[in-house]
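A quick write-up on the structure given underneath.
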Amino acid sequence: MSDGKLAGKVALVTGSSSGIGQGIAIRMAKDGADVVVNYSGHIEGAQETQSQIQALGRKAIIVHADVSKVADCQAVVQAGWDQLGKVDILVNNAGVEKGSEFVDVTEADYDLVLDINLKGPFFTTQAFVKHLLDAKLPGRVLNISSVHEDMVFPHFASYCASKGGIRMLMRDLAVELGPKNITVNNIAPGAIITPINKSLLDDKAKLDPLLANIPLGRMGTVDDVAALACFLASDDAAYVTGSTYFVDGGLIRNYHEQ
Ligand code: BGC
């Protein structure tokens, strides 16, 4: 067993085939965890995550699951228990965003965003908690939210609704699950260099004003987020529950409407 701060733990990271989820999965393995790597679209990304974890000497299984479907949420948790013996840490990371004028939002796009970003964490957490209660084990839930759980994002109304929802879900579950020794927290990234931001990164006219709003003057990296995730999942954070932690270079304190 590794001697890292997550030694002996098993982490399930949804959407760990790319971006922030991939970074968290690999960094948790560096800290000693075995990992359930989940993907819905890109198996190559999941395989990349798995091989990096295995190169660190940790176990990684790949599980396909579309968290917008409740049966898949349950199956991905079950796979962790079946193949790695348990799941101690759940990172609800999988997420999407769809930008458009509010009046043009379609039912299909609304459902896609709400189902992946809010319904998915809701039912994956429910499955995770049921197993922990049966086994009488403590646990950690981390939701990868966004600065937009609190800060406006015009033209991304469905995204804001989903992230605002996950903020209240976290607060509610922290109180309900605290007595079971299950902690629940949100990490709220700002502008991080990941595939979800590709169109922004490729558009200097949009990128420059955003950078001007970030007090630290740069986009964040996946590792900036992963470091906090590992802390919140570790024993060092045993008394931390019910809050959101921003990793945004100060963006939320300095937003200006364009
Ligand atoms: C969104 C990005 C956006 C960032 C800062 C994130 O939640 O996914 O598209 O650039 O927030 O506004």
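Both counts, for ligands and for their atoms, begin at 1 and track the order of listing. A quick note: this is a predicted structure, and the numbers were derived from the prediction, not measured.
Between T49 and S16, the closest heavy-atom pair is OG1-O, 2.7 Å. Taking every heavy atom of both residues into account, V13 and I24 meet most closely at CG2-CG2, 4.3 Å.
Under 3.5 Å, the side chains of Q52 and E48 contain a donor-acceptor pair of N or O atoms. No hydrogens or angles considered: a donor-acceptor pair under 3.5 Å links the side chains of N117 and S162. Residues E149 and T244 bring a donor and an acceptor atom of their side chains to less than 3.5 Å of each other.
Heavy-atom neighbours of Q54 CD from other residues, nucleotides or ligands within 6.0 Å: above the threshold of 12.
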Check ligand 1 for close polar pairs with the protein: N or O on both sides, less than 3.5 Å.
residue  : atom   : partner : partner atom : Å
ligand 1 : 7 (O)  : S146    : OG           : 2.6
ligand 1 : 7 (O)  : Y159    : OH           : 2.7
ligand 1 : 8 (O)  : E97     : OE1          : 2.5
ligand 1 : 8 (O)  : Y159    : OH           : 3.1
ligand 1 : 9 (O)  : E97     : OE1          : 3.2
ligand 1 : 9 (O)  : E97     : OE2          : 2.8
ligand 1 : 9 (O)  : N197    : OD1          : 3.0
ligand 1 : 10 (O) : N197    : OD1          : 3.3
ligand 1 : 11 (O) : H148    : NE2          : 3.3
ligand 1 : 12 (O) : H148    : NE2          : 2.7

